[in-house]
Protein chains: 2
Amino acid sequence: MMKACAALACAFAAGTAIAQDGPTPEEQAQSAIETRQAVFKLLGWNMGPLGGMLRGNVDFDAAVVETNMSRIASLGPMIPDLFASDTSEFDSLETEALDNIWTNMDDFADKASALVDAANAAVETAAGGDDRATRQAIAAVGQACGSCHDDFRLD
Amino acid sequence: MMKACAALACAFAAGTAIAQDGPTPEEQAQSAIETRQAVFKLLGWNMGPLGGMLRGNVDFDAAVVETNMSRIASLGPMIPDLFASDTSEFDSLETEALDNIWTNMDDFADKASALVDAANAAVETAAGGDDRATRQAIAAVGQACGSCHDDFRLD
């Protein structure tokens, strides 16, 4: 039981390593940046092979489209929550997130929502078995990514 | 349309930055390590406040439990897929993943599956409105995390 309890404490402490006196505001901002980058890492991991299918260097597989688009749809709603902390004042920290995210949060959240809608549509299309429509649905998700990057990500 | 196409290419390239001659096996392994760390970062981000509720330094909120546990349930199935690439031969790369993951992949996947089951159970319990049972369900998810860390993560 000791071991289970130690593991439990360990699990709960994950991602919140805190110095004795607590993290400084800059350390908190750095931590927020790293956490939000994780969601884009996983979005890219899921999107990568689907983009490859469009480019023709990955075999088309509707089952993979369905799985990955479903994962993208589940990741999308985390995006606005991950940006709840406004880190724009910490000029020394490295991030591709533009400051206007926090002055246009509704628009930013709408774009995350559009990504989720496009990904859910792609799941349905892939399940429907129309490969051509599925490729178009993948492209639509890519455009939803790009639409947000255009406005809110450093070029 | 040019802009949308450029954005699309950009979106698809995310997370797969590749040097002119393609990445070396070690670079591929490093990329795989960073991508799989992203899922644990997001698991920790979702679990953090729930652990805080058990410790009493975060106000109990069943709606947050429901949202975050649902997110954990959607992240869990990505874990085995993120470890599809066996990086154990790259001794110089920094990782907490133990080599026995790749000699016990079925067991590793079972533990990810147990995490998903526990998280889904917590979603249902939180929705049911029994705070005491919800706290126990959070603890059960923490134990599912810890059970996998015990076997497959560097102490």
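Just so you know, these numbers use all the heavy atoms, side chains as well, and skip hydrogens, waters and symmetry mates. To find a chain, count down the sequence lines: A is the first, B the second, and so on, and within it residues start at 1.
- Relative orientation of the B:Trp102 and B:Phe83 rings is tilted, given thresholds of 30° and 60° on the angle between their planes.
- Formation of a donor-acceptor pair under 3.5 Å by the A:Arg153 side chain with backbone atoms of A:Gly146 is not found in this model.
- Comparing B:Pro77, B:Cys148, B:Ala144 by heavy-atom pairs within less than 4.5 Å of chain A, the highest count is held by B:Pro77.
- Taking both residues in full, the closest heavy atoms of B:Pro23 and B:Gln28 are given as CG-CG, 3.6 Å, listed atom of the first, atom of the second, then distance.
- B:Thr24 contributes atom OG1, which lies 6.0 Å from atom CD of B:Glu26 (distance to the nearest 0.5 angstrom).
- Checking A:Arg36 against A:Ser85 by side-chain atom types alone, no donor-acceptor pair falls below 3.5 Å.
- Listed options B:Leu43, B:Thr67, B:Asp155, B:Asp81 were ranked by heavy-atom pairs under 4.5 angstrom with chain A; first place goes to B:Asp81.
- Contact annotation for A:Asn46: only side-chain heavy atoms (C-beta onward) come within less than 4.5 Å of a heavy atom of chain B.
- Both the backbone and the side chain of A:Glu34 come within less than 4.5 Å of a heavy atom of chain B.
- Neither the backbone nor the side chain of A:Pro49 comes within contact range of chain B, judged by heavy atoms closer than 4.5 Å.
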